[in-house]
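A short worksheet on the structure shown next.
Order of the sequence lines sets the chain letters (A, B, ...), proteins ahead of strands, with each chain counted from 1.
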Amino acid sequence: MLSLSHNLKNQLQEALEKAFPEAVASAKKSDSPLEATLVATGKEEFGDFQVNSCFQLAKTLRKSPRDIALEIVKYLNMDPDFSEMCDPPKIAGPGFINITISKDQLIKEIRSRLTDKRLGIPFEDSSKDIEKLKPVIIDFSSPNIAKEMHVGHLRSTIIGDSLARIFEFRGYKVLRLNHVGDWGTQFGMLISHLKEVAPEALTDPNAFEISDLVKFYKEAKKRFDEDENFQDISRKEVIKLQNKDIESLNAWNLLCEQSRREFEKIYERLDINIQERGESFYNPFLKQVINDLEKDKLLVTDDGAKCIFLVDKDQNQNNLPPVIVQKRDGGFNYATTDLAAIRYRFRNSPEGDGASRLIYVTDSGQSSHFNGVFQVAKRAEWIPKGCRMEHVPFGLVLGEDGKKLKTRSGETIKLSDLLDEAIKKAKSDIRQRLQKEEREESETFIEKVGKTIGIAAVKYADLSQNRTTDYQFSYKKMLSLQGNTAPYLLYAVVRIAGIIRKGDNIQVSLREITFNEDKEWSLLRQILKLDEVIIEVEEELLPNRLCTYLFELSQIFNRFYDQMPVLKAEEPYRSSRLVLCRLTADTLKLGLSLLGINTLERM
RNA sequence: GGGGCUGUAGCUCAGCUGGAUAGAGCGACGGUUUCCUAAACCGUAGGUCGUGGGUUCGAGUCCCGCCAGCCCCGCCA
C-alpha cells in the first residue's frame, strides 16, 4: 500500500493546509513546518491508518486536538480523491483520526497485485539517478583461510545474504564481498609450522584435509604463544610472504585453494552466492593509506607505532584509544586493511568499486573497531558525498544454557556439522509424522523435504531474531511446527499448494472479486502490506521485520483457511478466495526467497 | 577505570523510531476434525516493561543517575 499511503499523505497535508492556512504558512517560514503524519494503525478496529498529529498541533494552534481533527476531517471529506479511496474518516479517542481504505479501493489494489510479479514492491530505477547506479557493497561471511567455517560465521553469512537478496530485488547493483582472512601473522605461523612437521602440505593440495589444517593451525598457534624463537621464525615467514618469495607464496596459494573448496561446499548447501576478495587484495594499497594519513596530518607516532587518536563527538580526545595503522615492527594490521578497503570501495573504477553504500555484517564485538576505522575514513575525507557506510552488528549464537554455543567437549561447532544435524533432525521428524499419519513417501521425498526444512529452519531461526541481541540456538525450537518458525511458514505454502493442486482448471477470474467476511479482508490487507515492509527492511537492515510480517501473514492465512472453504465455496467467492490463496502463496514465496529460503509444494 | 550492547509474561522473543487497553510463540489448562495436509484453529491464565528521577497532553520507546549481565579497550582479526 505504499503508493496509496503516499497519496493519502499528500491529501492529508493539503487538508491541513486548507484547515489552518495561516498557521501552516507562518510555520513554513520558521524551521519547523507543520506536518501531519500518517501511521499504520496498531489495531484493525482503528482502520488502516491513523493520524496522531492533532495532539502536537494543539499547542501551536491553541485548539483542542479533537477540534483540530474535526477541521482536518472536514477538508478531507471535501477532497473527491480522498473520498474515492477511503471511507469517511472517524475521529476517535482524545483526537486520533482513523482512516479506512474503502473496500472498492482494496479490491482495486489486490487486482493490480495479480498481474504484478513484484507484488507491489517498487523497483529502484537506476536510470533515473546516477548515484543509484553505484553498487551497494555487502561485506559478509568472511571466514579465515586454513580454518573451517564454524558457528561464528553463521549469522554473518545468513544475514548478509538476505540483505543482499533484498537490495538485488529492489534493483540495486550489489557486490557481495567475502572479506576472507587470508593474510597476516597467522600465515607466518602456519607455514613455518608446516615446513617443519608436514612439508608435503605446502606442495600437494591433496595431502591433507581441511580438518588436518585446522589441527596444524592450533599447534602452530600454541607454539607461537609459548616459544619466542618460533615467533621470530613466523614473523620472518610473513616478511618473506610480503616480499613475494616464490616458495612461501606457493604454499600460501595452496592453503587458500584448499580452504576455498571447503567454503564453497558450505555456500552451496546454503545457496549463497558470494565473491571472494580477501584481505590480501588490499595489500598493494596499504602503504598509500599510511602516506595519505601522514599527509593529512592525522598520524601520530606513539611508542614506535603509527596511529590516529580518536576523538569524541565534541572533538575531545579524552583517553580514547588510538587506531593503529602501522605496528612498531613496520607491519600493517587489520585497521590498515579496512581503511584501504573503504577507500578502494568508494573510489571510482578502475582503481575502485565506486560504491554508494558499504554494509559490514559482523558481530557486535567489532563495533568499536568499526567506529574507529569509520572515524578515520571520515576525517581523511575518503567518503564521497551522499555515500554512507554502516556496521550491521549482530549478537552471539548461544546454546540452550545461555552460554556461547559449543560442543559438549567445549569445542567450536563446525558449520557443516551444525547443518548436518539440523537436516538429520528434520528428516527424523518427517519419518515420525509419516508413520503417525500412515503416509507413504519415497526416500527421495524425505531427503529433499528434510534438507529444505533443515536449512530453512537454521536460516529462519537466525533471521527472525532481531540481530542486535544474542540469540539462543535450539534445534527443537527452530524445527518446531508451531510458532514463528520456518516449518510453520512452509506449511502454509504447502496448504495453499494443496488447494491449487486439487482445484484443477483453476482460472483466476479478473472480472469479479467479492468478499464479505472479516477473515477475507484481514488476509487481503496483510497481503497488501508487503511493499512497506520491504522498504523498511532496506532502510533499517533488519530482516526480522520481514520474518514477523510473513509469520503474521501465515497466521492470518491459517485462520482464513480454517473457516473459509475455498474450493467448495459458491462463485464468485470461490474465485475470489482463490485469488487470496494465490497471492498469499506468492507473497510467502517471494518473502522467503528474499530470506534465502526455498519452499515446498508438499511436506 | 573508559566505551558499547542488553535487561519486557515461567521460558524464547516482538514492539514499525513518542500515541489508544504493552503483543506473539512455547510451556500450562480447556475446547474444535463426516470438509482443500489438525504440522492447524479457538479460548483461559500469566506484566510495577531492571530500578529511581526527569522531559510532555502522552514514555517500554527520549535524557540523567543507579543496579545486573555480556562484549571491546594500543601493536591478533
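An aromatic stack links A/Phe46 and the base of B/A20, using centre distance under 5.5 Å and interplanar angle under 30°. For A/Phe96 and B/A20, the ring-to-base geometry satisfies the stacking test (centroid distance below 5.5 Å, interplanar angle below 30°).
For A/Asp363 and B/C71, a side-chain-to-base donor-acceptor distance below 3.5 Å is absent, hydrogens and geometry of angles not being considered. Side-chain N/O atoms of A/Gln186 and base N/O atoms of B/A77 include no donor-acceptor pair closer than 3.5 Å. Below the 3.5 angstrom threshold, one finds no donor paired with an acceptor across the side chain of A/Asp338 and the base of B/A77. Side chain A/Tyr491 to base B/A39: no donor-acceptor pair is found below 3.5 Å. At a cut-off of 3.5 angstrom, counting only N and O atoms as typed in the model, there is a donor on one side and an acceptor on the other between the side-chain of A/Asp302 and the base of B/G74.
The distance between atom CZ of A/Arg467 and atom P of B/C13, rounded to the nearest whole Å, is 16 Å. As rounded to whole Å, 15 Å separates atom P of B/C72 from atom CZ of A/Phe370. Nucleotide B/U33 holds its P atom 16 Å from the OH atom of A/Tyr561, rounded to whole Å. Between the CZ atom of A/Phe309 and the C1' atom of B/G2 there is a distance of 15 Å, rounded to whole Å. Put simply, CG on A/Asp182 is 12 Å from C1' on B/A77, counting in whole angstrom units. In this structure, A/Asp303 atom CG and B/C75 atom P are separated by 10 Å, rounded to whole Å. When the P atom of B/C73 is taken as reference, atom CG of A/Leu310 falls 14 Å away, rounded to whole Å. Following rounding to the nearest Å, A/Tyr549 (OH) and B/G15 (P) show an atom-to-atom distance of 17 Å.
At least one side-chain nitrogen or oxygen of A/Asn466 sits closer than 4.0 Å to the OP1 or OP2 atom of B/G15. A/Gln563 has no side-chain polar atom (N or O) that falls below the 4.0 Å cut-off from OP1 or OP2 of B/C41. The phosphate of B/G15 (OP1 or OP2) has a side-chain N or O of A/Asn544 nearer than 4.0 angstrom. Taking 4.0 angstrom as the limit, A/Lys327 places a side-chain polar atom (N or O) nearer than this to OP1 or OP2 of B/C76. Side-chain N/O atoms of A/Lys59 include one lying less than 4.0 angstrom from OP1 or OP2 on B/C57. The side chain of A/Arg433 contributes no N or O atom lying less than 4.0 Å from OP1 or OP2 of B/U37. Taking 4.0 angstrom as the limit, A/Lys502 places a side-chain polar atom (N or O) nearer than this to OP1 or OP2 of B/U37. For A/Lys306 and B/G74, the shortest distance from a side-chain N or O to OP1 or OP2 is not below 4.0 Å. In this model, the phosphate group of B/G27 is not approached by any side-chain N or O of A/Gln482 to a distance below 4.0 Å at OP1 or OP2.
Between the side chains of A/Ser141 and A/His153, no donor-acceptor pair is found at a separation under 3.5 Å. Checking A/Tyr549 against A/Arg545 by side-chain atom types alone, no donor-acceptor pair falls below 3.5 Å. A/Asn466 and A/Thr469 form no side-chain donor-acceptor contact under 3.5 Å, judged by distance and modelled atom types alone.
A salt bridge is absent between A/Arg433 and A/Asp429; no separation between the charged side-chain nitrogens and carboxylate oxygens falls under 4.0 Å. Ion pairing between a basic and an acidic side chain is recognised when a charged N comes within 4.0 Å of a carboxylate O; A/Glu441 and A/Arg439 show such pairing.
For B/U17, the base is syn relative to its sugar; the glycosidic angle is within 90° of 0.
Pair assignment for B/C66: B/G50, on the basis of Watson-Crick or G-U wobble contacts that are both within less than 3.5 Å. Across all strands shown, B/A39 forms no Watson-Crick or G-U wobble pair with both key distances under 3.5 Å. Pair assignment for B/A59: none, as no Watson-Crick or G-U wobble contacts are both less than 3.5 Å. Using N1 to N3 plus N6-O4 or O6-N4 for Watson-Crick, or N1-O2 and O6-N3 for G-U wobble, each under 3.5 Å, B/G25 pairs with B/C11.
No contact: A/Met478 has no heavy atom under 4.0 Å from any strand. Using a 4.0 Å heavy-atom cutoff across all strands shown, A/Arg559 reaches sugar-phosphate atoms only and no base atom. Among the protein residues, A/Gln56 comes within range of the nucleic acid bases, having at least one heavy atom under 4.0 Å from a base atom.
Of the possible donor and acceptor atoms, none in the side chain of A/Ser234 sits under 3.5 Å from a partner among the backbone N and O of A/Asp232.
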> Can A/Asp363 and A/Arg155 be said to form a salt bridge (Lys or Arg N to Asp or Glu O under 4.0 Å), step by step?
Replying inline: CA-CA 8 Å; A/Asp363 67 283; A/Arg155 302 204 76 181; over 6 Å; no
>> I'd like to know whether A/Glu601 forms a salt bridge (Lys or Arg N to Asp or Glu O under 4.0 Å) with A/Lys589, so could you lay out the CA-CA distance, the side-chain angles of the two residues, the decisive distance to 0.1 Å, and finally the verdict.
In response: CA-CA 11 Å; A/Glu601 292 296 297; A/Lys589 283 182 195 167; 3.7 Å; yes
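Picking from B/G15, B/U17, B/A14 the nucleotide with the shortest atom distance to the side chain of A/Thr548 gives B/A14. Ranking B/U37, B/A77, B/G15 by closeness to the A/Arg439 side chain, first place goes to B/U37.
If you take atom P in B/C42 and the same atom in B/G25, they sit 8 Å apart, rounded to whole Å.
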